[in-house]
There are 2 protein chains.
Amino acid sequence: MPGYYLFYSMETQVITVREHIIQTACKLFHEQGYNLTGINQIIDEAGLAKASLYYHFPSKEDLCVAYLQRRNKLWFDGLESYLNGTSEPRHRIVKTFDFRALHLENNNFGGCSYIKIISEMPQRGEKINRQVLLQKEKQRLFFLELTRLAIGNRKTAARVADTIFLLFDGGTVQCQVYREVTPLQVARRAVVELLDGL
Amino acid sequence: MPGYYLFYSMETQVITVREHIIQTACKLFHEQGYNLTGINQIIDEAGLAKASLYYHFPSKEDLCVAYLQRRNKLWFDGLESYLNGTSEPRHRIVKTFDFRALHLENNNFGGCSYIKIISEMPQRGEKINRQVLLQKEKQRLFFLELTRLAIGNRKTAARVADTIFLLFDGGTVQCQVYREVTPLQVARRAVVELLDGL
DNA sequence: AAACAAGTAGACAGACTTGTCTGAATGCCG
DNA sequence: CGGCATTCAGACAAGTCTGTCTACTTGTTT
């Protein structure tokens with residue numbers, strides 16, 4: 001276990017410096033945007049020396065990759081815990097929309113990290129690009145698997161899942177724009193009717 | 001008509017300096033992102049003096065507002081011309097998705113300017129915020145009006161229109177992520193089935 | 001002729017950016 | 001004790017950013 005200078009996170013758990021950097025970057029990148037957050041601000045906020053940051057992350061882009069991975073982990077971990085006890089596939093799909101709304105509210109309607117980062121960096125680097133596609137694909141497959149379970153493994157399942165995924169992303173960005181949960185509630189209802197109509 | 005030093009745009013039309021600035025900023029902001037495009041690059045590309053730019057636009061933020069307005073005008077003008085001859089409301093809705101795909105392809109899958117700008121500037125200024133909400137609302141009302149015509153003025157029309165709008169934005173951002181038109185084609189099909197099922 | 005509008009070139013201020021580097025300190029492990 | 005990993009503080013390089021300013025030119029209008 002590397003890192004002997006340790007920090008305490010909000011839950012009073014001992015965490016490594018590396019973890020402390022990721023948490024700080026996660027917060028600032030998501031709240032202020034990647035380009036508007038400087039390395040200096042991150043180390044100030046985290047109370048670190050600059051060399052310590054560059055000891056763990058060779059560049060800002062590498063820190064960005066860690067940020068994206070962390071956001072994805074937080075999302076899926078939170079979702080899993082939210083869905084705990086719900087086994088019926090349709091309920092799981094619908095509750096995912098509920099959790100999304102909750103998640104956005106708790107994150108001040110900051111939107112989806114992946115959509116944000118590709119909006120900030122149209123000519124994005126290879127590492128970031130791969131990370132975005134990887135995580136988006138994870139989300140798509142999550143809905144695909146549940147849809148197959150929900151409506152039987154028909155050949156329409158893929159298209160239905162993609163439609164649900166479209167409503168999911170559409171709801172997410174519209175919540176970001178309007179800063180309220182209504183769009184995801186509309187999306188949720190559309191999903192229910194889509195599944196009921198089959 | 002102010003501006004006697006005139007430029008020639010691609011279509012060999014005489015345009016004012018102000019127009020030339022907007023066109024250049026439009027291209028660069030959308031291709032590279034707002035924060036990654038500097039004032040200096042804009043004047044270099046446009047072949048202008050810095051004072052000339054600040055003569056027409058007091059700040060970069062004001063130029064941003066003009067950029068957003070222009071993108072919206074280009075979109076709706078192009079759409080109107082694309083829909084010319086199509087009067088049936090359902091066809092108009094569906095063809096809007098076709099045009100969106102075409103439009104994104106022609107703009108190198110740059111995505112939606114409004115979603116991009118709020119992703120770049122989470123704590124956005126008042127002027128930009130107002131502009132984004134204004135234009136997004138225009139799009140929403142566009143679909144609402146057509147939906148009312150398409151399915152009759154039932155009370156479900158608003159919800160159907162909002163669902164279409166969700167599929168529209170979802171398709172747009174996913175096309176931006178994946179850099180291909182497939183998501184909008186899926187969205188288009190979902191819209192057709194949604195309207196047919198009523 | 002004088003005033004004004006609209007443009008030129010480019011220096012400048014003041015702040016910011018990422019990343020490197022030096023030099024020291026600390027704790028652990030063999 | 002020696003060596004290594006990890007962290008500190010902060011100067012520094014080399015560049016970027018927005019916005020202001022001076023000094024000048026040109027065409028139009030009064």
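Labels below follow one simple rule: chain letters A, B, ... track the order of the sequence lines, proteins then strands, and each chain is numbered from 1.
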Whole-Å distance between dG10(C) P and N40(B) CG?
13 Å

Can you tell me if the side-chain N/O atoms of H56(A) get under 4.0 Å from OP1 or OP2 in dT6(D)?
no

Can a side-chain donor-acceptor contact be found between Y67(B) and Q131(B) if the only test is distance below 3.5 angstrom?
no

Is a side-chain donor-acceptor pair under 3.5 Å present for S59(B) with D62(B)?
yes

Can you figure out which of dC8(D), dT18(C), dG10(C) approaches the side chain of A51(B) most closely?
dG10(C)

Send over the distance from N35(B) CG to dT18(C) P, rounded to a whole Å.
12 Å

Can you tell me if the side-chain N/O atoms of S52(A) get under 4.0 Å from OP1 or OP2 in dT6(D)?
no

What is the distance, rounded to the nearest whole Å, between atom NE2 of H20(A) and atom P of dT7(D)?
11 Å

Which one, dC8(D), dT18(C), dT20(D), comes nearest to the side chain of Y54(B)?
dT20(D)

To the nearest Å, give me how far apart CG (L53(A)) and P (dT6(D)) are.
15 Å

Within 45° of the ring axis of Y34(B) and under 6.0 Å from its six-membered ring centre, is that where the NZ or CZ of K60(B) lies?
yes

Hydrogens and angles aside, do Y82(A) and D98(A) bring a side-chain donor and acceptor to less than 3.5 Å of each other?
no

With respect to the side chain of Y55(A), which nucleotide from dT18(C), dC8(D), dT6(D) is positioned closest?
dT6(D)

Integer-rounded Å distance: dT18(D) P and L36(B) CG:
11 Å

Kindly say whether, by distance alone, the side chain of K50(A) makes a donor-acceptor pair under 3.5 Å with the base of dG19(C)?
yes

Nucleotide dA6(C), atom C1' - distance to CD1 of I43(B) in whole Å
16 Å

If you check the K60(B) side chain, which of dT7(D), dT18(C), dT18(D) turns out closest?
dT18(D)

Is it possible for you to check whether R100(B) lies under 6.0 Å from the centre of the six-membered ring of W75(B), through NZ or CZ, and within 45° of that ring's axis?
yes

Expressed in angstrom and rounded to an integer, what is the separation of D44(B) atom CG from dA9(C) atom P?
11 Å

Rounding to an integer number of Å, can you tell me how far F57(A) CZ sits from dG19(C) P?
13 Å

